[in-house]
Amino acid sequence: MKDGLKCSLLNKVKVTDKFWNGYQELVMDTVIPYQEKILNDEIPGVEKSHALANFRIAAGLEKGEFYGMVFQDSDVAKWLEGVAYALEVRPDAELEERADKVIEIIEKAQQDDGYLNTFFTIKEPEHRWQNLQECHELYCAGHMMEAAAAYYEVTGKDRLLHVMERMAEHIEKRFGAEEGKEPGIPGHQEIELGLLRLYEATGKENYRNLARYFIEQRGKDPDYFVKEKQKRGWVHFDMDVHNREYNQAHTTVYEQKEAVGHSVRAVYMYTAMAELASLYKDEKLYQACCNLWENMTQKRMYITGGIGSTVDGEAFTIDYDLPNDTVYAETCASIGLVFFARKMLDNVMDGRYADVMERALYNGIISGMQLDGKRFFYVNPLETEPGVSGKLYGHKHVLPERPGWYTCACCPPNVVRLLMSLGRYLWSETEEGVYSHIPAGTEAHFDKMDVTVESDYPWNGKVTYRVTGKTEEETILGIHIPSWVRPGSVQVRINGKVEDITADVEKGYLILKRVWETDEVELVFPMKIRKIYANLKVREDAGCVAFMRGPIVYCFEGTDNPELLQSYHIFEDAKMEEEICKEGLLEGCVLLKIKARRLETVGDSLYSEVAPVRTLATLTAVPYYTWGNRGENQMRVWMRGE
């Protein structure tokens, strides 16, 4: 922690877990430098970014035209935020120097009135703030605010922080409920999160209040964007201003009961709502969050933690509409789901939030990045078919292999910033004590205790917490017991003595309250293979079965299973075994071996009265997050059952 800075979980928790530390090392050694080169257009054969060049042009350091999406600035912001967290994990003077130079360019690109956005500075300065629905000025500002707060917290350097405080002041002068201000709202929610990060970093309440304004203003006038379009008289993308649900502007946040519209916009908004509910102790706002949480996670979420089931608007649809092969499930949406879950835990320590956070982290998020860190998925399907996925109408967005980059590259740097700030999601610290949400290996130094966690999660269910107390007061160590653990099956030893914890589990957390000295808590979760069935209202999954072990969702790939995956049927009482992969890309992963029946068509006729021939087979299932790393082939999560 730097002198004079408020200590956050970012400073207090170091990830030592073999699984997650491997990802963090990959990000630091490969992904961050790779993405930096892409932002500088130095990687041949991938989509051009030009994002850093846009800032240099806006700063007057070189000549040229703006290139990219209207929100291209946000790629740089998320990269910088990821760099900040990486510097906390492993200091790197050379990387920090390169980041400082980028920040210097950003500072020079800022206008005299505090405005910062390269698209409008370079291309359309006369149209600033005229198209909030489509042009993402507030969205880009929010991401840069998050980067500024993170960089300040880690390095103590406030150059970017001051830049974004000036931008925040510029925004505050223009938008608000006061007379003379514009009652505006962002077309893509994010400014709320950025302002809350500025508040967290500086303690200045006007940032928190402005974030609340944007949240509470939303939906008060459902026709805001209709009127905005009529007023300006010009368009960029001609988005449908009448689809008020698309950006959750159809009604106030207090009246919204279902997760609708663009999924990333939604969960970013829900995250801000949950944080504001916690900061203001606002029970009404928290209840609004609960309503949305319940609908989203119980009726509109994939088994992988993916959300947003249609490419049409990258959006939620209706309850139980969860197609596997035309799914969207954007990586950014699952990341936003983790943000939301973590902020809900700040309101109530409830295991259902930790369960969803765990599900998304181990499945629908890391599936968005190739195991080598150089290719990325935007869409995370649960079924792919060569010749169909990525090619046929309705399936073109579902790519069977990860591309190197995207024109709209929001997901890759988003993965980086989440993985490098992982400690913030593994633990919570309250006045009563500390809470472990996911049993990953960590070294944590809290105000009232130090905790070291030894774990081989998610492959092994044995987790050891070594605690050193720092106070003579009774303090809570809360440990999340995942919902997939059957009641009564977890074994707990405290200082070597077996304990009955039945009465100590509250809302999914084992609550251990005592005066901690030098103590050891050992938990053993049984890691059995589990067969999962979807609600029959999910029509695509009716009659199918999926498999999980611990928090890991499994899938089947053609690489391991010859013939057509749809030709296999899983027995009701199928024998299931585990096998540790000893070589190759999946080395160290637990694979599943499952007995099945294979159907084989007799003859070549399209239709026949002859029943398929049935033979016995053994299928191999791999962790879902690893799929697509061994060439293009079939993939399915849900298999037909018998």
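Quantities reported herein were computed from a predicted structural model and do not represent experimental measurements.
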If we count only N and O atoms by modelled type, under 3.5 Å, do the side chains of [X] and [Y] hold a donor and an acceptor together?
| X | Y | answer |
| --- | --- | --- |
| Ser428 | Arg342 | yes |
| Thr317 | Thr310 | no |
| Glu172 | Asn206 | yes |
| Glu36 | Asn40 | no |
| Asn380 | Asn363 | no |
| Thr252 | Glu255 | yes |
| Tyr85 | Arg424 | yes |
| His250 | Glu245 | no |
| Asp41 | Ser49 | no |

Minimum heavy-atom separation for [X] and [Y], please, with both atom names.
| X | Y | value |
| --- | --- | --- |
| Lys257 | Tyr254 | NZ-O, 3.9 Å |
| Val398 | Val327 | CG2-O, 3.8 Å |
| Asn117 | His136 | ND2-O, 4.4 Å |
| Cys289 | Ala274 | SG-N, 3.5 Å |
| Ala148 | Met164 | CB-CG, 3.8 Å |
| Ile215 | Ala272 | CD1-CB, 3.9 Å |

Hey, does [Y] have a side-chain heavy atom less than 4.5 Å from the side chain of [X]?
| X | Y | value |
| --- | --- | --- |
| Pro125 | Tyr115 | no |
| Lys204 | Leu198 | no |
| Leu160 | Tyr152 | no |
| Gln133 | Tyr224 | no |
| Pro412 | Met369 | no |
| Leu279 | Leu196 | yes |
| Val415 | Phe377 | no |
| Leu210 | Tyr199 | no |

Are the side chain of [X] and the backbone N or O of [Y] linked by a donor-acceptor pair below 3.5 Å?
| X | Y | result |
| --- | --- | --- |
| Asp73 | Thr118 | yes |
| Thr326 | Pro323 | no |
| Gln72 | Met69 | yes |
| Glu137 | Trp129 | yes |
| Asn347 | Lys343 | yes |
| Gln110 | Val163 | yes |
| Glu429 | Asp447 | yes |
| Asn243 | Tyr246 | yes |
| Gln35 | Pro33 | no |
| Gln248 | Val260 | yes |

Geometric class of the His188/Tyr139 ring pair [parallel <30°, tilted 30-60°, perpendicular >60°]: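 Tilted: the ring planes of Tyr139 and His188 meet at 30° to 60°.
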
Salt bridge present between Arg417 and Glu146 (N-O < 4.0 angstrom):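 Between Glu146 and Arg417 there is a salt bridge, with a charged N closer than 4.0 Å to a carboxylate O.
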
Lys/Arg N to Asp/Glu carboxylate O, Asp100 vs Arg159, below 4.0 Å: no

Test of ring centre spacing under 6.0 Å for Tyr270 and Trp293: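 When the ring centroids of Tyr270 and Trp293 are compared, they turn out to be at least 6.0 Å apart.
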
Pair His437 and His480, ring centroids less than 6.0 Å apart: no

Lys157 NZ: over 12 foreign heavy atoms closer than 6.0 Å: yes

Over 12 foreign heavy atoms within 6.0 Å of NZ, Lys507: no

Cation over ring face, Arg300 and Tyr320, 6.0 Å, 45°: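 Negative - Arg300 is either too far from the ring of Tyr320 or too far off its axis.
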
Sole candidate of Arg174, Arg166, Arg128 that passes salt bridge (charged side-chain N to carboxylate O under 4.0 Å, His left out) when paired with Asp113: Arg128

Result of checking Glu153, Glu190, Glu165, Glu192 against Arg197 for salt bridge (charged side-chain N to carboxylate O under 4.0 Å, His left out): Glu153

Met344 vs Tyr286, side chain to side chain contact (heavy atoms under 4.5 Å, CB included): CA-CA, chis, key distance, verdict: CA-CA 8 Å; Met344 290 297 275; Tyr286 171 67; 3.6 Å; yes

Side chain to side chain contact (heavy atoms under 4.5 Å, CB included) between Val311 and Glu314, worked out: CA-CA 5 Å; Val311 65; Glu314 304 177 338; 5.7 Å; no

Test side chain to side chain contact (heavy atoms under 4.5 Å, CB included) applied to Tyr328 and Asp312, step by step: CA-CA 9 Å; Tyr328 206 70; Asp312 184 15; over 6 Å; no

Side chain to side chain contact (heavy atoms under 4.5 Å, CB included) between Val226 and Arg244, worked out: CA-CA 9 Å; Val226 176; Arg244 296 163 181 82; 3.8 Å; yes

